Amino acid sequence: MPEQTKPILSVKNMSVQFPSLSGVVSAVRNLSFEVGREKVGIIGESGSGKSTTGRAIMRLQPATARVVADEMRFEDVDLLTASEAEMRAIRGSRISMILQDPKYSLNPVMTVGEQIAETVILHERLGRKAARERTLAMLERVNIRDPQRVFNLYPHEVSGGMGQRIMISMMLISSPSLIIADEPTSALDVTVRQQVLSILDDLISERNIGLIFISHDLNLVKSFCDRVIIMYAGRIVETIDASKLDQATHPYTRGLLEALPSLDHPRDRLEVLKRQASWAEA
Amino acid sequence: MRQARLHKAYVLWLSLIANPLAFAGFLVVVGLVLVATFAPLLANHDPILQDLTMALKPPSAVNWFGTDEFGRDVYSRLVYGARTTLYISVLVTVIVAPIGFAIGATAGYLGGWVDVVLMRITDIFLSFPSLVLALAFSAALGPGIENAVIAIALTVWPPIARLARAETLTFRAADFVVAAELQGAGMGRILFRHIVPLCAPSIIIRLTLNMSSVILTAAGLGFLGLGAQPPMPEWGAMAASGRQYLLDAWWLTTVPGIAILLVSLAFNLLGDGLRDIMDPRNA
């Protein structure tokens, strides 16, 4: 099927620059990657430009930032030239983003049901009743028992894991073809994490859509994603199949892997990552 | 859903009763509304009927608060004056709340040069003492109660806009606003669906606290002859006209003065109480 092979998102030579008093600072430099109907992990340390990349794809970078690229194409839309109104029509309905912490990403004075329904009211012009039906079905889909009750709850009345499932249903209700998940599980504890991830995994394989999974958890990305992009200081240092992550060749990736404790090969002393200035330059 | 709202109102009512000062303020405000509504029933004389043979009579069984220099009954004028006071303060509030919110929230949400322009305009308004500004506006617009309302509204909106901006700024970068943007919501939708409900309590409180200064400004304008025009009963104007007879007829200034004091105090107490009740941080 040609549909399968054609990438959903292709980015060529994207840079995100922040002009400042002491010159232009580039948070992301010359990034090129493609995302098809697969799960792509973006991994890197704090400040390596992972989240900035996600926001730049949605064109929600801070007002001071400048995004330049040779090409940024999402399906049939050129993200570089799309107007703000066109972007609004895309956000939420065709590209969605799951944020880190449901405690902050849900409006405290709106019921969760209203917030989920807003997407379909906005993009599909559904009536209140139809939107409510859709929301209840979606809540059920993310394994929330008793969706009728949860619909009328406020965000402070739900648990963290439930909140993240609500966030997922809010972002998936209008069947987008690309999802950007910006550290969706880092605010959750380990047991809830697996549960939320398996729901996300089900939804993505069921609908055959693309996922960009931003994280700094190597093991998680290795087991969850198909392909991994490793970023350092705003650049891609290596792109590798998740299953072959152990055979990574780049010294930075090797350094990251060696800094991880492992149950299979216990060591008294873990390696310390030795940075080289050339990684940021190359 | 309706039951939940009723319960919420009931809880609000309980916490209002638990705060005696706020409750007292609430009672006076309710009293003011009732007096204004039933003025024709409560007044025992025509408030604008002149009878020079009855001029400057001290309080008695017939004229409860005495009569003024034209022989008009002060009690009846006071009762009808409640209408004017309520009219001005409610109208000013209704005008000011949306203007202040729209300007403040737009400035806070958009930031950049929009913020700078809008906030410098509010700064210009804030740099004048509000009474002087209201005086200037009502003098320019001409005396009369509608013009007084416009003049007062023009001086009251800047603090509301400031407050709305500050509140908007605290939520501007919040993740749930970003989440709404990610859903594809536009600026209007985010402002009205997400930010208004969050700013509403503090703005309502601020407006209630403002009521007393609106009443005082209205009285001040009336006192200077720029607000309500004779023979319309208005508390400030009543106090002003009684000033000439202060030594012979104390009741002319004292009675409307006390009314102004009571009502503005009541609004202040109610506003203070509302802050304690509606602000979840004080719960």
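Lettering follows sequence order; numbering is per chain, from 1. Note that this is a predicted model, so its numbers are computed, not measured.
With sequence neighbours left out, the side-chain contact (heavy atoms from CB on, under 4.5 Å) criterion links A:Ser186 to A:Gln100, A:Glu183.
Only the side chain of A:Met58 comes within less than 4.5 Å of a heavy atom of chain B; its backbone N, CA, C and O stay farther away. For a residue to count as touching a neighbouring chain, one of its non-hydrogen atoms must lie under 4.5 Å from one of that chain's; by this rule A:Met167 touches chain B with the side chain only. Contacts of B:Ala173 with chain A are absent, with no heavy-atom separation under 4.5 Å from either backbone or side chain. If you measure heavy-atom distances from B:Arg193 to chain A, the contacts under 4.5 Å come from both the backbone and the side chain.
Side-chain atoms of A:Ser177 and A:Glu75 include a donor-acceptor pair closer than 3.5 Å.
Options B:Pro197, B:Ala185, B:Ala174 differ in how many heavy-atom pairs under 4.5 Å they form with chain A, and the most are formed by B:Ala185. The greatest number of non-hydrogen atom pairs below 4.5 Å with chain B, out of A:Asn107, A:Thr119, A:Leu106, is found for A:Asn107.
Centroid-to-centroid, the aromatic rings of A:Phe213 and A:Phe224 come within less than 6.0 Å.
Between A:Glu118 and B:Arg189, at least one side-chain N (NZ, or NE/NH1/NH2) sits under 4.0 Å from a carboxylate O, which counts as a salt bridge.
Figure legend: A:Arg66 and A:Phe18 shown without cation-pi pairing, the cationic atom not lying both under 6.0 angstrom from the six-membered ring centre and within 45 degrees of its axis.
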